[in-house]
Amino acid sequence: MAAASFSAAAAARRSSPSRLQLLARRRLPFSAYSSAAAPPAAAASFGWEDALRVAADGGRGDESDLSGYFRKVDTCNRGMDKKGEFVEFMVEDQVVGYIHQGFVEHLRDFHDVFTIASGSNGSNNVEHVTLHSSLRTPDERTNAVGSVIKSLGDLIPGIRNELYPITSSYGMPVYFSLERAAAPYFGIKAYGVHMNGYVEKEGQKFLWIAKRSDTKQTFPGMLDHLVAGGLPYGISCEDNVIKECEEEAGIPRSISSNATSVGAISYMDIEGFRYKRDVLFCYDLKLPPDFVPNNEDGEVDSFRLIPVPHAANIIRRTHFFKPNCNLVIIDFLFRHGLPWLPKAAAKLEER
């Protein structure tokens with residue numbers, strides 16, 4: 001997993017190898033994710049009172065125990081032993097994704113959109129999937145694949161009518177655009193932005209934490225970043241952060257334009273037909289001490305300002321945060337250097 005870079009001072013004081021070990025752990029199953037064709041998840045059953053009680057419990061003596069962080073990294077990196085069940089999805093001879101062999105069977109009827117290449121030795125094994133040669137322009141491909149997604153119905157839940165650009169890698173030419181909810185079913189590398197909004201008061205750092213609306217299609221009612229969102233087609237990371245800041249937290253451009261890019265985190269997760277290959281561009285924004293967020297788009301239930309060590313307690317001890325948010329906040333903890341981290345890193349190096 002790629003991670004945001006340290007400052008020179010932080011790098012000298014803290015163990016960068018330990019941090020990289022933490023962000024590249026083994027993969028274990030986690031039951032909180034939905035299955036390949038599951039309905040929207042039920043809203044989380046905890047409230048702020050539960051989260052804040054766990055956060056403030058400082059008597060456990062587990063501050064230097066990294067195992068809770070390892071479990072959160074494992075949560076987002078499952079199923080690599082299943083990678084052989086997927087075949088390459090290619091456009092213009094470039095690999096842009098991976099499709100499960102079982103999902104390929106649902107695409108066979110759309111022979112004017114997809115070309116399914118089988119083994120050259122007469123076997124029926126699928127070697128790779130491409131788009132039909134008649135689809136030459138990005139718009140033609142976008143419209144054709146979009147019609148297929150609609151035809152597949154509930155096989156791909158959570159349609160958002162939000163398009164992701166399909167490229168061979170970030171910043172490369174766009175071959176076509178795909179419905180965001182369908183990206184994992186085609187193994188497309190998807191990009192997003194996550195922003196840690198924090199304040200400093202009397203020498204202590206606090207994080208603004210959001211609780212997602214109970215009506216959200218994915219991870220309803222769970223804790224989230226102050227600002228986060230997918231990176232749709234035709235917008236830069238910086239402009240997307242500014243847009244999401246206004247929509248999700250009511251942060252004006254005069255403040256959000258000061259958000260600092262601190263790196264990127266990636267993870268890969270396989271479950272059923274889904275192969276998530278996500279890259280999160282991470283940002284920090286130091287907010288005025290008197291700032292209070294206000295959600296504008298109805299996707300957030302409420303916000304709380306939490307001391308950074310308390311947010312760390314919630315991550316270590318619970319599954320209250322949306323899974324990928326854990327990774328970004330863990331990175332924040334290391335970059336901002338909580339007092340107990342050097343001791344924890346030393347323990348990690350002894351393993």
Leu285/Asn196 under side chain to side chain contact (heavy atoms under 4.5 Å, CB included): CA gap, chis, key distance, verdict: CA-CA 6 Å; Leu285 177 61; Asn196 301 294; over 6 Å; no

Hydrophobic cluster identity match, Val91 and Val104, side-chain contacts under 4.5 Å: yes

CG on Asp224 to SG on Cys325, rounded to 0.5 Å: 4.0 Å

Exercise: do Asn326 and Asn324 side chains pair donor with acceptor under 3.5 Å: no

Close side-chain approach of Leu152 and Leu107, heavy atoms under 4.5 Å: yes

Pair Asn77-Tyr267, side-chain donor/acceptor within less than 3.5 Å: no

Lys72, NZ: over 12 other non-hydrogen atoms inside 6.0 angstrom: yes

Side-chain donor/acceptor of Thr142 to backbone N/O of Ser177, under 3.5 Å: yes

Flag, side chain of Arg141 to backbone of Tyr175, donor-acceptor distance under 3.5 Å: yes

Check: Asn143 main-chain N/O paired with Ser147 side-chain donor or acceptor under 3.5 Å: yes

Six-ring centre of Phe46, Lys211 cation under 6.0 angstrom, axis tolerance 45°: yes

Euclidean distance, Arg277 CZ relative to Lys189 NZ, rounded to 0.5 Å: 5.0 Å

hydrophobic_cluster_shared for Ile156 and Val96, side chain cutoff 4.5 Å: yes

Contact check, side chains of Glu238 and Tyr283, non-hydrogen atoms, under 4.5 Å: yes

Atom CD of Glu246: over 12 foreign heavy atoms under 6.0 Å: no

Val279 with Leu163, same ILVMFWY side-chain cluster at under 4.5 Å: no

Whether Phe273 and His100 hold their rings parallel, tilted or perpendicular, with breakpoints at 30° and 60°: tilted

Check ion pair Asp50-Arg53 (N to O, under 4.0 angstrom): yes

Minimal non-hydrogen separation, Gly229 against Asn240, with atom names: O-ND2, 4.2 Å

Note, Ile188 side chain near Phe89 side chain (heavy atom, < 4.5 Å): yes

Non-hydrogen atoms of Phe281 and Cys237 that approach each other most closely: CD1-SG, 3.4 Å

Connected via hydrophobic side-chain network under 4.5 Å: Ile99 and Val126: yes

Note, Leu287 side chain near Leu226 side chain (heavy atom, < 4.5 Å): yes

Note, Pro220 side chain near Arg212 side chain (heavy atom, < 4.5 Å): no

Gap between atom CZ of Arg253 and atom SG of Cys245 - 0.5 Å precision: 10.5 Å

Parallel, tilted or perpendicular: ring planes of Phe103 versus Tyr185, cut at 30 and 60 degrees: tilted

Main-chain N/O of Leu66 paired with Arg316 side-chain donor or acceptor, under 3.5 Å: no

Gln204, CD: over 12 other non-hydrogen atoms inside 6.0 angstrom: yes

Nearest heavy-atom neighbours spanning Trp48 and Ser302: NE1-OG, 2.6 Å

Close aromatic pair by centroid cut-off 6.0 Å: Phe321 and His225: no

Note, Lys83 side chain near Tyr275 side chain (heavy atom, < 4.5 Å): yes

Pairwise side-chain contact, Leu207 with Leu305, heavy-atom cut-off 4.5 Å (strictly under): no

Joint cluster assignment, Val199 & Met195, ILVMFWY side-chain distance < 4.5 Å: yes

Pairwise distance SG(Cys282) to CZ(Arg335) - rounded to 0.5 angstrom: 7.0 Å

Under-4.0 Å salt bridge between Glu299 and Lys216: yes

Working for salt bridge (charged side-chain N to carboxylate O under 4.0 Å, His left out), residues Arg136 and Glu92: CA-CA 10 Å; Arg136 299 181 181 278; Glu92 296 185 12; over 6 Å; no

Lys286 with Glu200: basic N within carboxylate O range, under 4.0 Å: yes

Test log, rule ring pair (Phe, Tyr, Trp, His ring centres under 6.0 Å), inputs Tyr198 and His336: CA-CA 11 Å; Tyr198 71 100; His336 287 258; 5.2 Å; yes

From CG (Asp112) to NE2 (His132), nearest 0.5 Å: 7.0 Å

Whether Tyr170 and Tyr191 hold their rings parallel, tilted or perpendicular, with breakpoints at 30° and 60°: tilted

ring-ring contact (aromatic ring centres under 6.0 Å, His included) against Tyr164, all qualifying residues, sequence neighbours excluded: none

Short N-O contact, Glu248 and Lys243, less than 4.0 angstrom: no

Shortest non-hydrogen contact between Val308 and Phe332, atoms and distance: CG2-CE2, 3.9 Å

Met90/Val129 under side chain to side chain contact (heavy atoms under 4.5 Å, CB included): CA gap, chis, key distance, verdict: CA-CA 6 Å; Met90 305 181 68; Val129 177; over 6 Å; no

Working for side chain to side chain contact (heavy atoms under 4.5 Å, CB included), residues Val227 and Glu244: CA-CA 6 Å; Val227 170; Glu244 295 288 348; 3.5 Å; yes

Closest heavy-atom pair and its distance - Pro293, Phe303: CG-CG, 3.5 Å

Exercise: identify the closest heavy-atom pair between Phe291 and Gly250: CE1-O, 4.2 Å

No-hydrogen, no-angle side-chain donor-acceptor test under 3.5 Å, Asp65 and Ser67: yes

Side chains of Glu127 and Asn125, donor plus acceptor under 3.5 Å: no

Distance, nearest 0.5 Å, that separates CD1 of Ile315 from CZ of Arg317: 12.0 Å

Atom CG of Asp81 with >12 non-hydrogen neighbours under 6.0 angstrom: yes

Residue pair Asp57, Asn313: steps toward the side chain to side chain contact (heavy atoms under 4.5 Å, CB included) verdict: CA-CA 8 Å; Asp57 183 359; Asn313 288 343; over 6 Å; no

Phe186 and Phe114 aromatic ring geometry - parallel, tilted or perpendicular at 30°/60° bounds: parallel

Cationic N near anionic O, under 4.0 Å, Arg78 to Asp269: yes

Side-chain touch Leu52/Ile306, heavy atoms, less than 4.5 angstrom: yes

